Amino acid sequence: ELADDSNFTLSNTGATVLIFCRSASEGSPCDPAVGITLSPGEDTPATGLELGASGNWLNITNTDSAETGAFSVVVDS
């Protein structure tokens, strides 16, 4: 499980809005009310807890089916 105090730097390097979240299953879409939403060109530090209550997976949801998303995740600790 991703620890609550794990530190990440999340970056949206694409041209569409992305939602980053922690999930119990691979490929589950992120809930915007729970995850971190980043607009194109944005980056932010985040902890495991900020990404969701629990789970082993870091999932990214692209909100635009017509545009390909791109991202970077750096594990800081």
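Values in this document were obtained by computation on a predicted structure and should not be read as measured data.
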Of all residues at least two apart in sequence or in a different chain, which pass the side chain to side chain contact (heavy atoms under 4.5 Å, CB included) check with Ser25?
Ser23, Ser28
Please tell me if the side chains of Phe8 and Val73 come closer than 4.5 Å, counting only heavy atoms from C-beta onward.
yes
Residues that Thr16 engages under side chain to side chain contact (heavy atoms under 4.5 Å, CB included), provided they are two or more places apart:
Leu18, Asn62, Thr63, Asp64, Glu67
Return each pair, listed once, that meets salt bridge (charged side-chain N to carboxylate O under 4.0 Å, His left out) where at least one residue sits in residues 12-33; pairs must be two or more places apart or across chains.
Asp4-Arg22
Any pair counted as side-chain hydrogen bond (donor to acceptor under 3.5 Å, both in side chains), so long as it reaches residues 32-53, sequence neighbours left out:
Thr47-Glu50
In Å and rounded to the nearest 0.5 Å, what is the CG to CZ distance from Leu38 to Phe20?
5.0 Å
CD1/Ile60 to CD1/Ile36 distance, rounded to the nearest 0.5 angstrom?
11.0 Å
Under 4.5 Å between side-chain heavy atoms, hopping through other hydrophobics if needed: is there a path connecting Val75 to Phe71?
yes
Residue set satisfying side chain to side chain donor-acceptor pair (under 3.5 Å) with Thr9, at least two apart, ordered chain then number -> Asp76
Run the side chain to side chain contact (heavy atoms under 4.5 Å, CB included) test against Pro45 and tell me which residues pass, sequence neighbours left out.
none
Just grab all the disulfide (SG to SG under 2.5 Å) pairs involving residues 14-47, residues at least two apart or on different chains.
Cys21-Cys30
Applied to residues 36-66, the disulfide (SG to SG under 2.5 Å) test, sequence neighbours excluded, yields none
